Student: 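Below are the structure tokens for one structure; questions will follow.
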Amino acid sequence: MPELPEVEVTRRSIDLPLRGAQVQAVRLGKPLRWPLGRDPQALVGLRLGAVQRRGKYLWLPLQGAPELPEQGLLIHLGMSGSLRLLAPAEPARAHEHFRLDTDRGSLRLTDPRRFGAVVWSAARDQDPAARLLGGLGFEPFDPALDDESFHAALRLRRAPIKTVLLGGQVIVGAGNIYACEALFHAGIDPRCSAARLGRARAARLLQALRQTLGQAMALGGSTLRDFRDAHGVNGAFQQQAAVYGREGQPCTACGKPLRRIVQAQRSTYFCPRCQRR
DNA sequence: CGGGACGCCTGTGAGC
DNA sequence: TGCTCACAGGCGTCCC
């Protein structure tokens, strides 16, 4: 369900309510992608620090244990996960597989497909967190990311630009929907080798990624069909995708039927006229 | 090493 | 109505 905008909207919706909250109980449901890696009981009494995001991962610092001052939980929502902040008395929802009860509310992870994960780590820069975060590329809104460095990183990749965007080793945050949308807005054929993008087109792509992700964030992650933040609040309105899921329908810019192809086992939607190699 | 396929799961919608 | 199949917002791991 979540790409960067949804994860960031989720982060913002739990950060202030949970900052400083004290853990009262931790409950696990069915196994997620990886085991928690820690006795849940060991987390009771700790306090939550400011929630951080790296790519599509959330990092929840757990403070108050002198011997483990940097420990925390790394959370990934996978394909179908979402976080909600509920009253502790609220009954478990369907597919609720992780629950963190605090004195300021109960954080619930529901994830039907269970591709998501909640992993304990002694520190963000120690394994397993470090291993999972280690290979990630630029944050799209990192001020240090400029056209030059983006272009330079793309030039090292011979794979199709769509695949490179999804890979997350150059830039994080765009999943299948936003990658398709950004490539459309940048006028770039998704099959085009990343290495063959010139400076100007790389710059256009970076701008399109920021525009697409930024707008989705401003609207509360509303591009996704049924996304809600941790309070259950929906986006301001349903942003219509220009190409994603619109195979055969007319391009909003030129009217030509949009195409669907498969790249690295994922659907890619694009306009064969507006997007050039 | 880069690049692609696989597999982890459950739900949903289309087609018969 | 009920079955089967394709497909779904991700990504670590394995193999070439």
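As the structure is a prediction and not an experimental result, all values here were calculated from the model. Numbered from 1 within each chain, the chains take letters A, B, ... in sequence-line order.
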Student: Measure from the side chain of A/Glu3, starting at C-beta and using heavy atoms only, and say which of C/dA8, C/dG10, B/dG4 lies closest.
Tutor: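 Looking only at heavy atoms from C-beta outward on A/Glu3, the closest nucleotide is C/dG10.
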Student: Using whole Å, what does the distance between atom P of nucleotide B/dG4 and atom CZ of A/Arg191 come to?
Tutor: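 Result: 14 Å.
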Student: Check for me, please, whether A/Leu206 and A/Phe184 land in the same ILVMFWY cluster - side-chain distances under 4.5 Å, paths through other members count.
Tutor: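 A/Leu206 does not cluster with A/Phe184.
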Student: Which of the following nucleotides, C/dC7, C/dC11, B/dG11, is nearest to the side chain of A/Tyr57?
Tutor: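 Looking only at heavy atoms from C-beta outward on A/Tyr57, the closest nucleotide is C/dC11.
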Student: Any side-chain N or O of A/His95 below 4.0 angstrom from OP1/OP2 of B/dT10?
Tutor: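 Looking at the OP1 and OP2 atoms of B/dT10, neither is under 4.0 Å from any side-chain N or O of A/His95.
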Student: Which whole-number value in Å describes the distance from A/Trp34 CH2 to B/dC9 P?
Tutor: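 Taking atom P of B/dC9 as the reference, CH2 of A/Trp34 is at 13 Å.
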Student: Hydrophobic clustering (ILVMFWY, side-chain heavy atoms < 4.5 Å, transitive) - are A/Leu132 and A/Leu73 grouped together?
Tutor: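 No, it is not one cluster - the side chains of A/Leu73 and A/Leu132 are not joined through contacts under 4.5 Å.
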Student: Applying the 5.5 Å / 30° rule, does A/Phe115 stack onto the base of B/dC8?
Tutor: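 A stacking contact exists, since A/Phe115 sits close and nearly parallel to the base ring of B/dC8.
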Student: Output yes when at least one side-chain N/O atom of A/Tyr178 is less than 4.0 Å from OP1 or OP2 of C/dG10, else no.
Tutor: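 For C/dG10, neither OP1 nor OP2 has a side-chain N or O of A/Tyr178 closer than 4.0 Å.
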Student: When you check the phosphate oxygens OP1 and OP2 of C/dC11, does a side-chain N or O of A/Lys56 lie under 4.0 Å from one of them?
Tutor: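 Yes, because at least one side-chain N or O of A/Lys56 sits under 4.0 Å from OP1 or OP2 of C/dC11.
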Student: Do A/Leu166 and A/Phe150 share a hydrophobic cluster (ILVMFWY, side-chain heavy atoms under 4.5 Å, transitive)?
Tutor: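 No: no chain of side-chain contacts under 4.5 Å links A/Leu166 to A/Phe150.
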Student: Want to settle it: does A/Arg113 or A/Leu166 sit nearer the 5' end of DNA chain C, counting the closest nucleotide to each?
Tutor: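 The residue mapped nearer the 5' terminus is A/Arg113.
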Student: Within this structure, what is the NE2-to-C1' distance between A/His97 and B/dC9, rounded to whole angstrom?
Tutor: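 In whole Å, B/dC9 C1' lies 9 Å from A/His97 NE2.
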Student: Please determine, for C/dC15, whether a Watson-Crick or G-U wobble partner exists with both distances under 3.5 Å, and give it or none.
Tutor: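 Per the H-bond distance test, B/dG3.
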Student: Is there a chain of hydrophobic side chains (I, L, V, M, F, W, Y, each step under 4.5 Å between heavy atoms) that links A/Val119 to A/Leu46?
Tutor: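 In one cluster: no.
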Student: Is the base of C/dA8 touched by the side chain of A/Arg266 through a donor-acceptor pair closer than 3.5 angstrom?
Tutor: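 No pair found.
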Student: Same cluster for A/Phe270 and A/Val243 if Ile/Leu/Val/Met/Phe/Trp/Tyr side chains link at under 4.5 Å?
Tutor: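 The answer is no; the residues belong to distinct hydrophobic clusters.
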Student: Take atom CZ of A/Arg157 and atom P of B/dC1, then tell me their distance rounded to the nearest Å.
Tutor: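 To the nearest whole Å, that distance equals 11 Å.
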Student: How close or far is atom P of C/dC11 from atom NZ of A/Lys162, stated in whole angstroms?
Tutor: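 Whole-Å distance recorded here is 13 Å.
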Student: Just the rounded figure in Å: distance from C1' of C/dC11 to CZ of A/Arg54.
Tutor: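 A/Arg54 atom CZ is separated from C/dC11 atom C1' by 15 Å.
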Student: Both A/Pro160 and A/Arg114 contact DNA chain B. Which one's nearest nucleotide lies toward the 5' end?
Tutor: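 Upstream on the strand: A/Pro160.
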Student: Does A/Ser80 make a side-chain N or O approach to OP1 or OP2 of C/dA8 shorter than 4.0 Å?
Tutor: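 Negative; the distance criterion is not met.
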Student: In this structure, how many angstroms lie between the P atom of C/dC14 and the CD atom of A/Gln265, rounded?
Tutor: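 Rounded to the whole Å, the gap is 17 Å.
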Student: Report the residue (A/Gln169 or A/Gln263) whose heavy-atom-nearest nucleotide on DNA chain B is the more 5′ of the two.
Tutor: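 Looking at the nearest nucleotide for each, A/Gln169 comes out on the 5' side.
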Student: Of all the choices, C/dC11, C/dT13, C/dC7, which nucleotide is nearest to the side chain of A/Arg33 once you look at every atom?
Tutor: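 Selected nucleotide (nearest to the side chain): C/dC11.
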Student: Which distance, rounded to the nearest 0.5 Å, do you find between the NZ of A/Lys162 and the CD1 of A/Ile188?
Tutor: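 Output value for this atom pair is 14.0 Å.
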Student: In whole Å, what separates the P atom of B/dC6 from that of C/dA6?
Tutor: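 One P to the other, the span is 15 Å.
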Student: C/dA8 C1' sits how many Å from A/Arg260 CZ, rounded?
Tutor: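 In whole Å, C/dA8 C1' and A/Arg260 CZ are 11 Å from each other.
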